[in-house]
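Here the structure is a predicted model, which means the values were calculated and not measured. All heavy atoms count here, side chains included; hydrogens, waters and symmetry mates do not.
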Amino acid sequence: MKKGLTLMITLLLLLPMVSVWAGGQQEGTATAEETETVAVPEVKLDYGKPSGDLEIFSWWAGDEAPALNALIDLYNDNYPQVEVINATVTGGSGVNAKAVLKTRMLGGDPPDSFQVHAGQELIGTWVAAERMLDLTPLFESEGWMDVIPEDLINLIGTENGIWSVPVNVHRSNVMWYIPENLEEWGVEAPQSWDEFLEIAEDLEAQGVTPLSLATNWTVNHLWESVALGVLGADKYDGLWNGELSWTSDEAVEVWATLDEVLEYTNDDFSSLSWQQATDLVVGGDAAFNIMGDWAAGYMSTTLNLEPGSDYSWAASPGTDGVFMFLADSFGFPKGVKNPAATLAWLKTCGSKKGQDTFNPLKGSISARTDSDLSKYNDYSQSAAEDFADNRIVGSLAHGVTANEGFMNDFATVMEMFLNNRNPEQAANAAQAIAIQNGIVSR
Amino acid sequence: MVGSKKNTVYSMLILLPSLILLLVFVYGFIGNSFYVSLTDWGTGAALRENPVKNLIGLENYRQLFTGAIHERFRQDLINAIFYSLFLVAGTLGLGLFLAIMLDKGPKGENILRTIFLFPMALSFVVTGTIWRWIFSPKGGVNLIPTWFGMERGDFLWLSSREKVALFNWQSVPQIIAFILFVIFAFMLYGGWKNGRKTQTVWGAVLSGLMLFYAAVLHYLLPPILPYAEFHGFSLATVGIIIAAVWQYSGYTMALYLAGLRGLPVAMYESAKMDGAGDITYYLKIAIPNMWPITLSAIIIISHISLKLFALIFSMAGADNASTGHPSVLMYLITFRANNFAVGAAISVILFLMAALFIIPYLIQSYRARR
């Protein structure tokens with residue numbers, strides 16, 4: 001009895017020693033100061049003729065697979081010597097794929113190119129980890145600097161380079177409704193949140209939920225639309241570049257407005273998927289829904305509704321003239337097995353033909369301003385026009401403006417806010433996580 | 001004598017490979033997690049080839065228990081305790097009930113036994129998906145009242161934000177001290193009654209200390225949080241608990257049924273002879289005699305209750321904080337937020353919780369073998 005206990009205690013005491021040994025093996029000698037001065041490796045423009053295998057890693061399975069397959073077919077037409085391996089890990093917005101990707105990258109087995117949300121989700125994780133190549137030479141030689149809006153290039157790059165090729169653009173700040181229903185209820189799409197709150201009163205009296213909402217992340221999605229509407233584009237950008245404090249009166253006002261708006265949403269939102277929230281609007285139970293424009297794809301393709309007549313849209317209240325974007329993109333990881341084929345893949349992704357093949361099927365618009373609009377449906381055409389002349393800002397909920405650490409902590413802050421509905425406390429907590437994740441300095 | 005020595009050498013040689021593997025892949029990795037939890041590995045450059053890790057001591061643990069932004073961790077910890085309590089109570093109670101029913105040998109016992117045992121064959125993901133439908137707010141069980149002409153139920157099974165049995169996180173040290181006081185007081189009582197001197201002295205000293213802390217010191221020391229923070233039993237967890245109990249009561253039923261069938265028939269007959277009814281027999285004779293089975297069931301089920309990750313993930317989603325569990329939070333913090341050190345700290349805490357259940361079991365089975 002005593003012997004057994006002694007043995008167990010000895011083993012437990014030995015653990016820290018093992019750990020120090022194991023940890024010592026991993027600890028690097030590089031310090032932050034040293035690595036910052038190292039020049040960023042750029043992509044080369046000539047790796048020779050593409051051949052061999054090319055592994056493309058993405059989370060585009062199911063509804064989104066046809067778009068990816070069309071792009072791969074186009075690639076194979078141009079480079080028939082290359083065998084494309086389509087590695088997908090299913091799971092909405094890449095929740096599972098990202099974890100798999102992390103283990104592969106850490107294990108020294110990067111895929112030749114991987115899908116990632118353009119912006120800080122890539123920059124804060126993989127660029128900060130120095131695992132990506134700078135694509136500036138490619139952008140210059142392909143002439144993408146002229147056809148991709150400058151606002152967009154600024155958001156997907158840092159001062160050290162441009163890190164990924166956007167294949168599509170989605171809009172986040174869109175409010176969806178059914179024109180026929182609004183007419184019946186005698187309301188119009190609101191132009192500001194104040195206007196919305198007035199209308200909401202009226203709608204509620206008629207037994208209609210003014211705004212439909214779904215699971216956790218859609219509340220973050222709503223937050224960014226509210227923030228943009230309350231702050232305007234400049235101050236919204238200010239949150240991310242440190243010019244506007246998260247504890248300022250304006251930032252608290254965002255939370256206070258969200259608090260008022262949440263009064264007019266469905267109670268059971270946390271149990272619904274975003275499609276179910278759209279269904280509430282389509283079914284006439286709710287008046288409006290704020291969702292990215294993949295909702296247009298869902299209504300047009302899955303529900304067979306005609307854009308413009310069966311369903312309609314407006315910029316979310318107070319954000320007219322601003323296009324809040326998110327984009328999927330492909331980057332060039334360091335140390336890939338087949339750089340020639342990877343380079344060819346990125347060229348295909350960024351080409352006009354590639355984008356116009358991919359996007360009509362995906363339900364998104366091209367990141368280029370010179371795309372052939374006749375290939376797109378009514379909604380996409382209107383979005384493309386806005387994209388070409390609107391002010392462009394980045395989405396938080398979809399990885400453009402903040403790194404993954406902030407995004408995850410923000411979801412926790414949102415949970416806290418939903419529980420206690422205290423705008424001051426939420427603003428303070430947001431400031432705390434912004435400092436912790438390096439969005440603003442102390 | 002010579003032969004047995006040779007045997008020892010052989011058995012050592014045979015055991016050596018698995019011992020080494022165990023040391024490296026189990027204890028080495030546990031140790032490494034513990035080491036990581038003492039560093040600041042995380043934030044921006046966490047995924048570098050040679051990430052910078054600085055030792056920061058127990059800072060991550062301090063943040064988890066008293067930091068403003070880790071409120072969710074604390075609620076998840078409370079949830080984990082409630083999950084364990086209710087899962088053990090539910091499966092043991094229901095399993096015992098089913099076992100006693102079947103012990104009477106009803107018609108179709110074989111079929112019923114199989115039916116009750118079936119859920120255990122499902123994976124948590126399947127169970128979670130089925131029960132998510134059953135508990136969806138506008139369908140499933142909420143529709144049952146409409147069969148009787150009543151209004152549809154409106155309880156949000158998996159997303160309710162309501163909490164009951166609220167308590168302030170600031171008073172947690174006091175509560176723990178009080179629980180320890182009760183335990184040490186029992187020690188004191190036991191020592192005094194059996195005339196064991198050392199036990200009496202230790203019991204007196206420790207229980208006195210705990211009582212002093214709970215009654216006096218706690219009010220003099222600064223609070224662990226600068227503000228009051230209320231946690232409690234989250235009503236959204238009820239749905240998860242029901243699904244888990246559904247899945248595992250068949251298993252405890254099988255354990256108990258084997259136990260009941262293992263009791264000598266003579267015991268039942270002599271109890272009958274002495275005029276005991278069925279209730280008296282089960283309550284006073286059968287259940288106490290099955291104590292070893294109850295104990296192992298408690299240990300196995302409480303162990304399972306720490307592994308609810310898959311069920312919660314598939315039933316309520318990882319982002320749903322009302323049904324949270326430290327293991328789900330660990331996944332989010334590690335793989336979504338890239339905050340490896342804090343994730344490691346959570347997993348070390350989970351490891352210690354598991355040890356809390358396993359070590360008494362190991363000691364007990366070691367004693368039994370002696």
Side-chain angles (χ1 to χ4, degrees), chain A residues 1 4-5 8 11-12 14-23 26-32 35 95 98-99 102-103 105-106 108 124-126 128-131 215-217 267-272 403-409 411-413 415-416 418-419 425 428-429 432-433 436-438, chain B residues 23 27-36 38-39 42-53 55 67-72 132 135-138 154 156-161 163 236 316-322 324 329 331-339 359 362-363 366-367 370:
Chain A
M1 162 75 208
L5 268 184
M8 230 151 61
L11 270 178
L12 278 175
L14 277 173
L15 283 184
M17 285 175 65
V18 176
S19 64
V20 168
W21 165 76
Q26 286 180 3
E27 205 152 11
T29 45
T31 64
T35 42
V95 279
K98 284 179 213 163
K102 275 168 200 169
T103 46
M105 295 283 271
L106 285 176
T125 300
W126 298 118
E130 293 167 0
R131 286 171 185 271
T215 182
N216 192 294
W217 69 263
D267 297 332
D268 59 350
F269 65 85
S270 336
S271 334
L272 303 186
N403 57 35
E404 290 184 302
F406 183 86
M407 282 166 69
N408 184 68
D409 290 348
T412 308
V413 172
E415 275 296 330
M416 230 189 299
L418 290 174
N419 282 329
Q425 198 190 334
N428 285 330
I433 64 169
Q436 194 165 359
N437 291 292
Chain B
L23 267 176
Y27 295 101
F29 283 9
I30 291 173
N32 193 40
S33 289
F34 181 63
Y35 164 75
V36 167
L38 301 178
T39 68
T43 66
L47 291 158
R48 265 189 205 167
E49 270 174 46
N50 291 308
V52 184
K53 297 181 206 165
L55 278 173
I69 58 170
H70 287 296
E71 184 191 342
R72 178 167 173 187
R132 189 180 68 220
F135 284 137
S136 75
K138 293 202 169 144
D154 58 0
L156 301 172
W157 286 95
L158 297 172
S159 53
S160 165
R161 292 180 187 278
K163 287 178 202 156
D319 295 303
N320 191 340
S322 337
L329 189 66
Y331 170 80
L332 293 182
I333 286 185
T334 312
F335 293 107
R336 284 222 196 133
N338 302 330
N339 214 336
I359 288 176
L362 286 179
I363 291 173
Y366 189 78
R367 264 188 197 161
R370 272 259 152 139

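- Rounded to the nearest 0.5 Å, atoms CZ (B/Arg336) and CG (A/Asp409) are 12.0 Å apart.
- Here the CD-CG distance, from A/Gln436 to B/Asn339, works out to 7.0 Å after rounding to the nearest 0.5 Å.
- Listed here is the closest heavy atom pair of B/Arg161 and A/Ser270: NH2-OG, 3.6 Å.
- Taking B/Ser322, B/Ser160, B/Ala321 one by one and counting their heavy-atom pairs under 4.5 Å with chain A, the maximum is reached by B/Ala321.
- Between the CG atom of B/Leu156 and the CZ atom of A/Phe269 there is a distance of 9.5 Å, given to the nearest 0.5 Å.
- For B/Ile333, the parts lying near chain A are the backbone and the side chain together; criterion is any non-hydrogen pair under 4.5 Å.
- There is no contact between B/Phe135 and chain A, counting heavy-atom distances below 4.5 Å.
- A distance of 10.0 Å separates CD in A/Glu130 from CG in B/Asn50, rounded to the nearest 0.5 Å.
- Neither the backbone nor the side chain of A/Phe406 comes within less than 4.5 Å of any heavy atom of chain B.
- Here the straight-line distance linking atom OG1 of A/Thr215 with atom CG of B/Asn320 works out to 7.0 Å at 0.5 Å rounding.
- Residue A/Ser271 touches chain B through both its backbone and its side chain, counting heavy-atom pairs closer than 4.5 Å.
- Residue A/Asn437: no heavy atom, backbone or side chain, is found under 4.5 Å from chain B.
- B/Ile69 places none of its side-chain heavy atoms less than 4.5 Å from the side chain of A/Thr412.
- Across all their heavy atoms, A/Ala128 and B/Arg48 have their closest contact at O-NE, 3.4 Å.
- Considering CG of A/Asp268 and OG of B/Ser136, their distance stands at 9.0 Å, rounded to 0.5 Å.
- Without hydrogens or angle criteria, A/Asn216 side chain to B/Asp319 main chain gives a donor-acceptor distance under 3.5 Å.
- Take B/Thr39 and apply the side chain to side chain contact (heavy atoms under 4.5 Å, CB included) test, not counting sequence neighbours, and it matches B/Tyr35, B/Val36, B/Trp41, B/Lys53, B/Leu55, B/Ala341.
- Interface residue B/Ala68: only backbone heavy atoms are found under 4.5 Å from chain A.
- Here the closest heavy-atom approach between residue A/Thr125 and residue B/Leu47 is recorded as CG2-CD1, 3.1 Å.
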